[in-house]
Each structure stands twice: as structure tokens, then as C-alpha cells.
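Since the structure is predicted, the reported quantities are computational estimates derived from the model, not experimental observations. Because only heavy atoms are used, hydrogens play no part in the values below, and waters and symmetry mates are left out as well, while side chains stay in. Numbers here simply count residues along the sequence, with the first being 1.
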Amino acid sequence: QVQLVESGGGLVQAGGSLRLSCVASGRTFSSYAMGWFRQAPGKEREFVGMINWSGGMTYVADYVKGRFTISRDNAKNTVYLQMNSLKPEDTAVYYCAAKRSAAWSIAQNDYDYWGQGTQVTVSS
């Protein structure tokens, strides 16, 4: 069992930056692929990006490419989402998720554990 706790959300002006953190419990964190998803008001939850178990491979969605980066520190059981050049349309609740399987996936159903989410609000 893995428990995930996100933090770092808040209110920021357009063009600003935030770094989200997701701390995982459990000794097997380093074996999990990790993903970030977001859900804006009235919209479906969508994929933002993912990182493999070692941190050597990352992938982000086109709509955040060049602005968001994902990293992880397995010694701290933590995965990060660095968000730069934020836009009002980035406003959402951001979730981290853990995936037992090593297979690369952007599908929510492939993720086994989820955090409670952290709110990011970008004002114009």
C-alpha cells in the first residue's frame, strides 16, 4: 500500500511559477512510475505528465510541454512538478498517482494509488 500526499499548491498570477511536491509512504516508492494529473472545474481529469522509476525518463502532455517539468528524489520518496509560465487555464486540482507496473501509460485507470490533490489557481 502506498499513500501519497501532495503539497505546494496555491494562488499565483499568470506567468508565475509553483512547484508541487508529492510525498509517498512505503519503502517501494523507487519501484513505482509516478504521474501527475489535473482536474479543472467542470472538466474531466486529464494527464499532465509522468516519470519512470529512476527519473531517467519523463513525458509531459503537449499543453504543458516547455512549461512543466517532472522530477523525483527517491531518497526522499518525493516526486515534483515544476510549473513555470502558468496560465489561467492551468487552474485545477493537481493529483499525483503511483503506478506499480513499469509500462509507460497516460491512462488514469493504469495508476494504482492517488493522492488527495492540491489546488492550483492562476489569476489573470
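By the side-chain hydrogen bond (donor to acceptor under 3.5 Å, both in side chains) test, Gln119 is found to be paired with Thr121, residues two or more places apart in sequence or in another chain being considered. Partners of Gln108 according to the side-chain hydrogen bond (donor to acceptor under 3.5 Å, both in side chains) rule, which considers only residues two or more places apart in sequence or in another chain, are Arg45. The salt bridge (Lys or Arg N to Asp or Glu O under 4.0 Å) search around Asp112 returns Arg100, not counting sequence neighbours. For Ser101, the side-chain contact (heavy atoms from CB on, under 4.5 Å) partners are Lys99, Ala103, not counting sequence neighbours. Under the rule for a side-chain hydrogen bond (donor to acceptor under 3.5 Å, both in side chains), the partners of Glu46 that lie at least two apart in sequence or sit in another chain are Arg38. With sequence neighbours left out, the salt bridge (Lys or Arg N to Asp or Glu O under 4.0 Å) criterion links Lys65 to Asp62. Ser85 pairs by the side-chain hydrogen bond (donor to acceptor under 3.5 Å, both in side chains) definition with nothing, not counting sequence neighbours.
Residue pairs satisfying the disulfide bond (SG atoms under 2.5 Å apart) criterion with at least one member in residues 28-95, sequence neighbours excluded, are absent. Evaluation of the disulfide bond (SG atoms under 2.5 Å apart) test over residues 45-81, restricted to residues two or more places apart or in two chains, returns none.
Remark: the backbone N or O of Ala24 is paired with a side-chain donor or acceptor of Asn77 at under 3.5 angstrom. The closest donor-acceptor contact from the side chain of Thr58 to the backbone of Ile51 lies at 3.5 Å or more, if one exists at all.
Between Tyr113 and Val2, the shortest heavy-atom distance links the atoms CD2-O, 3.5 Å. Shown here for Pro88 and Ser124, the closest heavy-atom pair between the two residues is CG-CB, 3.9 Å.
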Quiz: residues 6-19 side-chain donor-acceptor pairs under 3.5 angstrom, not counting sequence neighbours:
from: Glu6; atom 1: OE1; to: Gln116; atom 2: N; distance (Å): 3.1
from: Glu6; atom 1: OE1; to: Gln116; atom 2: NE2; distance (Å): 3.4
from: Glu6; atom 1: OE1; to: Gly117; atom 2: N; distance (Å): 2.9
from: Glu6; atom 1: OE2; to: Cys96; atom 2: N; distance (Å): 2.8
from: Glu6; atom 1: OE2; to: Gly117; atom 2: N; distance (Å): 3.3
from: Ser17; atom 1: OG; to: Asn84; atom 2: OD1; distance (Å): 2.9

Side-chain atoms of residues 68-75: list all donor-acceptor pairs with protein atoms under 3.5 Å, sequence neighbours left out, distances to 0.1 Å.
from: Arg72; atom 1: NE; to: Trp53; atom 2: O; distance (Å): 3.4
from: Arg72; atom 1: NE; to: Asn74; atom 2: OD1; distance (Å): 2.8
from: Arg72; atom 1: NH1; to: Tyr32; atom 2: O; distance (Å): 2.7
from: Arg72; atom 1: NH1; to: Asn52; atom 2: O; distance (Å): 2.7
from: Arg72; atom 1: NH2; to: Phe29; atom 2: O; distance (Å): 3.0
from: Arg72; atom 1: NH2; to: Tyr32; atom 2: O; distance (Å): 3.0
from: Arg72; atom 1: NH2; to: Asn74; atom 2: OD1; distance (Å): 3.3
from: Asp73; atom 1: OD1; to: Ala75; atom 2: N; distance (Å): 3.1
from: Asp73; atom 1: OD1; to: Lys76; atom 2: N; distance (Å): 3.4
from: Asn74; atom 1: ND2; to: Trp53; atom 2: O; distance (Å): 3.0

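Under the 4.5 Å side-chain heavy-atom criterion for grouping Ile, Leu, Val, Met, Phe, Trp and Tyr, Trp36 is connected to Val64 within one hydrophobic cluster. There is no path of hydrophobic side-chain contacts, each under 4.5 Å, that joins Val5 to Tyr94.
Between the CD atom in Gln82 and the CZ atom in Arg67 there is a gap of 12.0 Å [rounded to 0.5 Å].
Looking at heavy atoms from C-beta onward, Met34 lies in side-chain contact with Leu4 at the 4.5 angstrom threshold. At least one side-chain heavy atom of Val120 sits less than 4.5 Å from a side-chain heavy atom of Leu20. In this structure the side chain of Leu81 reaches within 4.5 angstrom of the side chain of Met83, judged on heavy atoms.
In the hydrophobic clustering (ILVMFWY side chains linked at under 4.5 Å, chained through shared members), Phe37 is joined by Phe47, Met50, Met57, Tyr59, Val93, Tyr95, Trp104, Ile106, Tyr111, Trp114.
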